[in-house]
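These notes are about the structure you will find just below.
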Amino acid sequence: MENQCQNGNETLLKVSTLNCIDLSNPDIHQSVSLLKQACLDCGFFYVVNHGISQEFMDEVFGQSKSFFELPLNEKMKVLRNEKHRGYTPVLDELLDPDNQVHGDYKEGYYIGVEVPEDDPEAEKPFYGPNVWPEDGLLPGWRQTMEKFHHQALEVAKAVARIIALALGLEVDFFDKPEMLGKPIATLRLLHYGGQVSDPSKGIYGAGAHSDYGLITLLATDAVMGLQICKDKDAKPQIWEYVAPVKGAFIVNLGDMLERWSNCIFKSTLHRVLGNGQERYSIAYFIEPSHDCLVECLPTCKSENNPPKFPPIYCATYLSQRYKDTHAELSLYEKHQT
């Protein structure tokens, strides 16, 4: 089922209709049913009544905007490091090299799990201290982002419990220490600067990709831009917009969950097209711990449906995926002088 609406050019936009999961709904069976249907169909759904207030969401978006409005030389002082913490400039990320002429027309800021440098855990690829703007530059910025990181993790865990039930697992399957008990959780602030995308010329706000990990929570402003492709093998591919819903997270499944579920649940291609308006969004990527062995779930295999993928450690898998899509840091050395 799709809704049709018109944009300013009088051309029809295809808007996808997604299931909506209400985390305050006492009927867990209904939530499991809606989520399962969404995961089998397109791997995208909305989550509402998630416990993060609209007032606080507005504050996080305001603080994000404050950072991206800084001069480029200030932003480059907090350029992302080898642990993917900090600022990612426009064109830094190339998600769809077959179809993009250069990187994405977006800038971002990565914030991960804060682990002090002298902690043995900081040796792990996705743990360590975050990179923060100077406090005098953006008062309260770090505190806001750390609070949001913590609250978004609780939302992700609540969604993961419903996913566990939808896969026929125990409700607390993903709560174990080796999974979301010690997760790799990455908050990413995003800003699309108002360029107009042109797929025929290989120009995108964000190139077509599926997310790497378990699940992603996405909060957006009111500007349309996100598109999904339910069938990546269709020729031609059919792209549908996902409408922003105030107060909701748009949730999608990542490749790791598709792999874990033996392709029963789908990780779906998505991209962002710019329409000339600035757009802000906030993504929260949640994955299990570094040491988690991702192997076919017991409820997702049978004699007729054996495991399609060999087991792999989460850290190994994610490190390769990040390396494949980001520019080499050496490209930025001239900005560091």
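All heavy atoms count here, side chains included; hydrogens, waters and symmetry mates do not.
A salt bridge is defined here as a Lys NZ or Arg NE, NH1 or NH2 lying under 4.0 Å from an Asp or Glu carboxylate O, and R142 with E146 meets this definition. Taking the charged nitrogens against the carboxylate oxygens, K157 and D175 have no contact shorter than 4.0 Å, which rules out a salt bridge. In this structure, K124 pairs ionically with D291, as a charged nitrogen and a carboxylate oxygen lie closer than 4.0 Å.
Under the 4.5 Å side-chain heavy-atom criterion for Ile, Leu, Val, Met, Phe, Trp and Tyr, Y313 and F285 are members of distinct hydrophobic clusters.
Two residues are said to be in side-chain contact when any heavy atoms from C-beta on lie closer than 4.5 Å; V15 and M224 meet this criterion. For the pair V48/I21, no side-chain contact is recorded, criterion being any heavy-atom separation below 4.5 Å from C-beta on. Between W260 and P288 there is a side-chain heavy-atom pair separated by less than 4.5 Å. The closest side-chain heavy-atom distance from L253 to F45 is below 4.5 Å. With a 4.5 Å cut-off on side-chain heavy atoms, E74 and K77 count as touching. Using a 4.5 Å cut-off on side-chain heavy atoms (C-beta onward), V47 and L217 make no contact. Inter-residue side-chain proximity for F67 and Y87 is flagged as met; some heavy-atom pair is nearer than 4.5 Å. Proximity of L226 to L218: side-chain heavy atoms (C-beta onward) are separated by under 4.5 Å at one or more points.
The distance from the CG atom of N305 to the CG atom of N262 is 4.5 Å, given to the nearest 0.5 Å. Annotation: the span from R279 atom CZ to H191 atom NE2 amounts to 11.0 Å, rounded to 0.5 Å. Going from atom CG of D233 over to atom CG of L269 covers 9.0 Å, rounded to the nearest 0.5 Å. Atoms NZ and NE2, from K182 and H290 in turn, are 10.0 Å apart once rounded to the nearest 0.5 Å. With rounding to the nearest 0.5 Å, the separation of CG in D231 from SG in C42 is 12.0 Å.
Checked by atom type, the side-chain pair E59/T144 shows a donor-acceptor distance below 3.5 Å. Between the side chains of S302 and N304, not a single donor N or O lies within less than 3.5 Å of an accepting N or O. There is a side-chain donor-acceptor pair under 3.5 Å between Q37 and N19. A side-chain donor from one of D58 and Q54 sits under 3.5 Å from a side-chain acceptor of the other.
No donor-acceptor pair under 3.5 Å is formed between the side chain of N252 and the backbone N or O of I215. Put simply, the side chain of S281 never gets that close to the backbone of T220: no donor and acceptor are under 3.5 Å apart. Although no hydrogens or angles enter the test, the distance criterion places no donor-acceptor pair under 3.5 Å between the side chain of Q277 and the main chain of G194. Side-chain atoms of E258 come within 3.5 Å of backbone N or O of S267 as a donor-acceptor pair. A distance-only check finds a donor-acceptor pair linking the side chain of K266 to the backbone of D41 [under 3.5 Å]. Counting only distance, with no hydrogens or angles, the side chain of S319 and the backbone of A315 share a donor-acceptor pair below 3.5 Å. Under the 3.5 Å distance criterion, the side-chain polar atoms of S197 are left unmatched by any main-chain donor or acceptor of L273. T316 contributes no side-chain N or O that, together with a main-chain N or O of I312, makes up a donor-acceptor pair within less than 3.5 Å. No side-chain donor-acceptor contact under 3.5 Å links E114 to the backbone of P129. The backbone N or O of T216 lies less than 3.5 Å from no partner atom in the side chain of D211, so there is not a single donor-acceptor pair.
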Check against side chain to side chain contact (heavy atoms under 4.5 Å, CB included), D98 and D96: CA-CA 6 Å; D98 292 342; D96 185 13; 4.2 Å; yes
Where do I52 and M57 land on the side chain to side chain contact (heavy atoms under 4.5 Å, CB included) test, with the steps shown first? CA-CA 7 Å; I52 302 181; M57 289 300 305; 3.6 Å; yes
What do the steps show when you test D104 against Q100 for side-chain hydrogen bond (donor to acceptor under 3.5 Å, both in side chains), and what is the final call? CA-CA 8 Å; D104 293 351; Q100 286 179 266; 2.7 Å; yes
For N25 and Q30, run side-chain hydrogen bond (donor to acceptor under 3.5 Å, both in side chains): C-alpha distance rounded to whole Å, both residues' side-chain angles, the deciding distance at 0.1 Å, then the answer. CA-CA 8 Å; N25 184 357; Q30 184 186 37; 2.6 Å; yes
Begin from the C-alpha positions of D22 and S24 and carry the test side-chain hydrogen bond (donor to acceptor under 3.5 Å, both in side chains) through to its verdict. CA-CA 5 Å; D22 182 345; S24 68; 2.6 Å; yes
Derivation and outcome, side chain to side chain contact (heavy atoms under 4.5 Å, CB included), residues F68 and E107: CA-CA 8 Å; F68 289 119; E107 52 183 344; 3.5 Å; yes
Side chain to side chain contact (heavy atoms under 4.5 Å, CB included) assessment of L23 paired with V155: CA-CA 9 Å; L23 289 187; V155 178; 4.2 Å; yes
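Taking both residues in full, the closest heavy atoms of G103 and L91 are given as O-CD2, 3.3 Å, listed atom of the first, atom of the second, then distance. The shortest heavy-atom contact between M179 and C292 is CG-SG, 4.0 Å. Of all heavy-atom pairs between I228 and S16, the closest is CD1-OG, 3.9 Å. Minimum heavy-atom separation, F265 to A166: CZ-CB, 4.0 Å.
Cation-pi geometry between R271 and Y204 is not met: the NZ or CZ atom fails to fall both under 6.0 Å from the ring centre and inside 45° of the normal. A cation-pi contact, defined as under 6.0 Å to the ring centre and within 45° of the axis, is absent between K83 and F126. The cationic group of R80 does not satisfy the cation-pi geometry with Y110, failing either the under 6.0 Å distance to the six-membered ring centre or the 45° limit from the ring axis.
Remark: H270 engages F44, H209 in a ring-ring contact (aromatic ring centres under 6.0 Å, His included) (not counting sequence neighbours). Residues satisfying the side-chain contact (heavy atoms from CB on, under 4.5 Å) test with V101, not counting sequence neighbours, are I203.
Within a 6.0 Å radius of CD in E134, no more than 12 heavy atoms belonging to other residues, nucleotides or ligands are found.
Under the 6.0 Å cut-off for aromatic ring centres, Y109 and W141 qualify, their centroids lying closer than that. Checked against the 6.0 Å centroid threshold, Y46 and F249 do not count as a close aromatic pair. The aromatic ring centres of Y284 and H149 sit less than 6.0 Å apart.
For the side chain to side chain donor-acceptor pair (under 3.5 Å) with T88, the lone residue among R188, K106, K75 that qualifies is R188.
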